[in-house]
There are 2 protein chains.
Amino acid sequence: MSRKRKPARPGAPANLTMADLAKLAGVSKITVSRALSDSPLVNQETRERIQDLAREQGYKLNVSARNLRLRRSHTVAVIVEMKPSNDRTMFDPYPLMLLGGISQELTAAGYSVLLTTRQGASAAAVQAADGMILLGQGVRQDAVRRFDKLGLPMVVWGAQGDHDDHVVVGSDNRQGGRAVAAHFIGLGRRNPVFVGNPGHPEIFERLSGFVDALAEHGVKPLLIRRDEFTLASGMDAVQSLAARHVSFDALFACSDLLAMGAVRALEELGRRVPRDVSVVGYDDMPLAASFQPPLSSVRQDWQEGGSLLARKMLAMIRDEAAQSEVLPVNLIVRAT
Amino acid sequence: MSRKRKPARPGAPANLTMADLAKLAGVSKITVSRALSDSPLVNQETRERIQDLAREQGYKLNVSARNLRLRRSHTVAVIVEMKPSNDRTMFDPYPLMLLGGISQELTAAGYSVLLTTRQGASAAAVQAADGMILLGQGVRQDAVRRFDKLGLPMVVWGAQGDHDDHVVVGSDNRQGGRAVAAHFIGLGRRNPVFVGNPGHPEIFERLSGFVDALAEHGVKPLLIRRDEFTLASGMDAVQSLAARHVSFDALFACSDLLAMGAVRALEELGRRVPRDVSVVGYDDMPLAASFQPPLSSVRQDWQEGGSLLARKMLAMIRDEAAQSEVLPVNLIVRAT
DNA sequence: GCAGCAAATGATATCGATATCAAGATATCG
DNA sequence: CGATATCTTGATATCGATATCATTTGCTGC
């Protein structure tokens with residue numbers, strides 16, 4: 001067949017193949033292949049000559065061909081859970097923060113990040129990935145199992161307990177809860193409240209650490225269940241406490257927005273923060289530091305979390321053993 | 001060669017190929033290929049038989065092989081700019097909001113999203129993509145040109161002006177500015193201030209629409225340049241205005257955090273919002289609505305923006321003409 | 001001078017899918 | 001009944017890279 005390779009688009013140059021380079025250089029294509037991958041099997045001089053030629057001809061490797069031959073894709077699928085409530089943005093912001101670390105680490109190792117939602121995860125490209133990283137609060141056992149059937153290396157972000165048979169990376173939510181408890185106890189608080197949704201595994205851990213550490217001092221917190229992570233929901237929580245005439249002197253909210261709402265509502269009720277009530281949030285979002293009053297909060301290291309997820313993934317791909325791991329968190333004490 | 005195909009991992013099942021299915025079904029592999037792609041060329045009965053067989057055997061298509069044969073990857077690279085300041089999170093939150101729409105739209109069309117940073121964009125996998133979507137505030141002409149050399153279809157998110165020879169999708173920042181101007185004029189404000197960094201193309205557009213619309217009423221705003229998008233920076237802007245004894249009765253900040261900081265600083269200075277000064281922010285972040293007082297803001301539709309980027313991309317991949325397009329924004333008037 | 005070895009290169013098969021062209025089977029028509 | 005059209009299936013080549021095994025050349029040592 002003598003027909004010219006047709007470019008993908010009219011403007012684009014027809015792609016050179018290794019065979020073309022080989023002809024130009026007067027060698028065989030396998031030599032080109034070796035030269036371009038810096039193999040010591042080819043003479044250094046030849047190697048450089050071919051590399052220069054490739055550069056000046058604008059040669060681009062055909063990744064599909066290489067992947068086919070090598071039976072791997074050098075790609076990791078990152079599967080993000082959609083929030084149940086679809087009306088707002090598709091993504092939760094926090095799982096996405098992990099993407100930074102993931103992307104950096106994988107890119108450095110020569111891997112690419114294929115981003116999908118749970119819905120899209122059945123797509124062919126995901127099955128072609130060398131591994132999967134699952135992100136997002138709602139990662140439940142059943143979903144995980146479904147993905148596990150794909151038979152790919154898999155790492156999950158989240159709370160430990162639920163997924164015993166998988167590699168899980170997550171912040172030490174339990175430690176976060178304990179740290180806040182210690183902080184409250186240190187301040188002499190005896191009637192703390194926890195605001196959040198313990199149905200969520202990670203938040204359950206926070207609560208659980210909080211409760212355990214308090215129990216060591218004979219203190220038992222009150223749980224106010226709130227499912228939303230909004231400022232309004234935080235205000236509402238405090239208002240409902242007030243309406244029930246509950247007395248409390250400390251409040252631990254499982255998100256900064258909840259905490260901020262709580263602070264606002266407390267102010268409206270004429271209660272001073274932190275004089276009357278100590279408040280601690282979670283996540284230490286950028287706004288927390290410049291909130292008035294500056295909000296105390298538990299900080300998770302998303303960047304490091306993402307890196308760690310990626311490193312576990314790479315280890316599994318290389319058939320090395322990988323253990324679940326928990327990342328320390330920091331209680332940042334500010335004005336509240 | 002009679003050696004068994006070795007599975008990627010010990011636990012994983014060896015992958016079936018079309019040839020294996022063909023043998024099982026007693027047909028040729030091309031028939032399997034046709035059956036699985038619902039080709040009308042094969043007898044309906046045969047087709048269903050093969051599809052059932054594939055399902056029950058857990059057959060998975062080898063995407064690399066298909067991509068190689070078809071000379072396309074069904075993948076779109078999304079290239080996110082890193083913030084110059086690397087110390088915090090890698091990503092700006094806002095470009096990421098576009099990912100929702102992009103991902104939904106592309107997934108629905110059978111494409112995957114390959115996420116990279118500018119640094120990682122030279123990786124082989126990006127070159128294998130069928131197209132590129134560039135996101136991020138700092139998308140400058142030189143960077144764009146560099147990517148353009150890859151010869152792939154490309155769509156850029158951002159301000160129009162700068163990139164005449166590319167398909168650009170973005171919010172109508174100019175309209176946003178005009179809308180705020182009209183709002184201020186309607187309230188009888190005559191001494192407005194703009195806070196932001198007009199060195200950024202999108203913000204320049206906001207300022208420019210703002211200035212133009214005000215000029216029609218003989219009003220000329222004061223520009224306070226602030227590069228950061230933080231609450232502290234917004235407070236600082238107002239404080240510096242106060243220190244210079246500038247009188248103003250309206251403030252348009254190019255981000256919600258700046259606007260919130262401004263409101264706080266105004267309160268501290270004893271000036272009432274909105275009685276003494278009207279304030280409008282930009283982006284309408286979730287917090288804006290529950291801010292005290294609820295913040296007026298200009299809302300961009302990120303979801304739709306992402307969808308549109310993706311649709312343009314798909315059109316270009318199909319060799320259809322694609323035009324730059326500008327999305328309307330909405331001024332949400334609340335208490336400020 | 002020749003066995004033996006290392007260095008450099010190449011011929012061929014292969015990864016798993018699909019396009020092309022050919023061909024057998026069946027149906028339709030005059 | 002033979003010719004033509006239609007339906008269904010298959011043999012083969014191909015996409016572009018790399019692994020394997022073979023081959024050539026030059027060199028060392030005895």
Side-chain angles (χ1 to χ4, degrees), chain A residues 1-8 14-50 54 57-74 124-125 127-128 130, chain B residues 1-8 13-50 54 57-74 110 124-125 127-128 130:
Chain A
M1 182 173 85
S2 75
R3 185 170 58 85
K4 295 275 169 45
R5 253 187 309 281
K6 75 158 184 283
N15 285 338
L16 287 170
T17 71
M18 284 195 174
D20 298 329
L21 281 184
K23 203 166 297 172
L24 285 172
V27 296
S28 72
K29 50 188 190 141
I30 185 64
T31 300
V32 173
S33 171
R34 291 200 261 245
L36 293 184
S37 58
D38 268 331
S39 160
L41 285 177
V42 304
N43 186 317
Q44 182 176 347
E45 195 193 342
T46 321
R47 198 192 317 166
E48 285 169 1
R49 184 165 59 90
I50 294 177
Q57 296 286 333
Y59 167 76
K60 279 181 287 188
L61 177 76
N62 183 317
V63 185
S64 299
R66 192 233 255 140
N67 287 346
L68 171 57
R69 184 64 242 243
L70 298 181
R71 296 154 158 268
R72 49 126 225 242
S73 64
H74 264 214
Q127 305 178 342
D130 293 339
Chain B
M1 184 174 87
S2 76
R3 185 170 59 86
K4 295 272 169 46
R5 250 187 311 279
K6 74 158 186 281
N15 285 337
L16 287 170
T17 71
M18 284 196 172
D20 298 329
L21 281 185
K23 204 166 296 173
L24 285 172
V27 297
S28 72
K29 51 189 189 141
I30 183 64
T31 299
V32 174
S33 171
R34 291 201 260 246
L36 293 184
S37 58
D38 269 332
S39 160
L41 284 178
V42 305
N43 186 317
Q44 182 176 348
E45 194 191 342
T46 321
R47 199 193 317 168
E48 285 168 2
R49 185 165 58 89
I50 294 177
Q57 295 285 333
Y59 167 76
K60 280 181 286 190
L61 178 74
N62 183 317
V63 184
S64 300
R66 192 232 255 142
N67 287 345
L68 171 59
R69 184 65 241 242
L70 298 180
R71 294 154 159 272
R72 50 125 225 242
S73 64
H74 265 216
Q127 305 178 342
D130 292 340

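Taking only side-chain atoms of B:Asn62, from C-beta outward, the nucleotide of C:dG16, C:dT18, D:dG16 with the closest atom is C:dG16.
Within the nucleic acid shown, B:Leu70 comes within 4.0 Å of sugar-phosphate atoms alone, with no base atom in reach, counting heavy atoms only.
At D:dA17, none of the side-chain N or O atoms of A:Ser33 fall inside 4.0 Å of OP1 or OP2 (strictly under the cut-off). Distances shorter than 4.0 Å separate none of the side-chain N or O atoms of A:Arg71 from OP1 or OP2 on C:dT14. Taking 4.0 angstrom as the limit, B:Tyr59 places none of its side-chain polar atoms (N or O) nearer than this to OP1 or OP2 of C:dG16.
A straight line from CG of A:Leu68 to P of D:dG16 spans 12 Å, rounded to a whole angstrom. As a whole-Å value, the separation of A:Asp20 CG from D:dG16 P is 8 Å. Rounded to whole Å, atom C1' of D:dT18 lies 10 Å from atom CZ of A:Arg72. Nucleotide C:dA19 holds its P atom 10 Å from the CE atom of B:Met18, rounded to whole Å. Taking atom CG on B:Leu21 and atom P on C:dA17, their separation rounds to 8 Å, with Å as the unit. Atoms NZ (B:Lys23) and P (D:dT9) sit 20 Å apart, rounded to a whole Å.
Between the CZ atom of B:Arg34 and the OG atom of B:Ser28 there is a distance of 7.0 Å, given to the nearest 0.5 Å. One distance of note links CG of A:Asn67 with CG of A:Asp130; it measures 8.0 Å at 0.5 Å rounding. Summarising the geometry, atom CD1 belonging to B:Ile50 is positioned 12.5 Å from atom CD belonging to B:Gln57; distances are rounded to the nearest 0.5 Å. One distance of note links OG1 of B:Thr17 with NZ of B:Lys60; it measures 13.5 Å at 0.5 Å rounding. Note that the CZ atom of A:Arg69 and the OG atom of B:Ser64 stand 13.0 Å from one another [nearest 0.5 Å].
Among the candidates A:Leu21, A:Leu61, A:Thr31, the single residue satisfying the side-chain contact (heavy atoms from CB on, under 4.5 Å) test with A:Leu36 is A:Leu21.
Put simply, the side chain of A:Arg49 gets close to the backbone of A:Ala25: a donor and an acceptor are under 3.5 Å apart. Side-chain atoms of A:Ser33 never come within 3.5 Å of backbone atoms of A:Lys29 as a donor-acceptor pair (strictly under, hydrogens ignored).
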Do B:Asn62 and A:Leu68 pass the side chain to side chain contact (heavy atoms under 4.5 Å, CB included) test, and can you show the C-alpha distance, the side-chain angles, and the key distance before you say yes or no? CA-CA 8 Å; B:Asn62 183 317; A:Leu68 171 57; 4.0 Å; yes
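The base of C:dT18 does not come close enough to the side chain of B:Arg66 for any donor and acceptor atom to sit less than 3.5 Å apart.
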Protein N or O to nucleotides 7-11 of chain C N or O, pairs below 3.5 Å:
residue	atom	partner	partner atom	Å
C:dT9	OP1	A:Thr46	OG1	3.1
C:dT9	OP2	A:Asn43	N	3.0
C:dG10	OP2	A:Ser28	N	2.8
C:dG10	OP2	A:Ser28	OG	3.2
C:dG10	OP2	A:Thr31	OG1	2.7
C:dG10	N7	A:Arg34	NH2	2.9
C:dG10	O6	A:Arg34	NH2	3.1

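Summary for the helix from C:dG1-D:dC30 to C:dG30-D:dC1: the axes at its two ends, each from 5 pairs, differ by 50° when rounded to the nearest 10 degrees.
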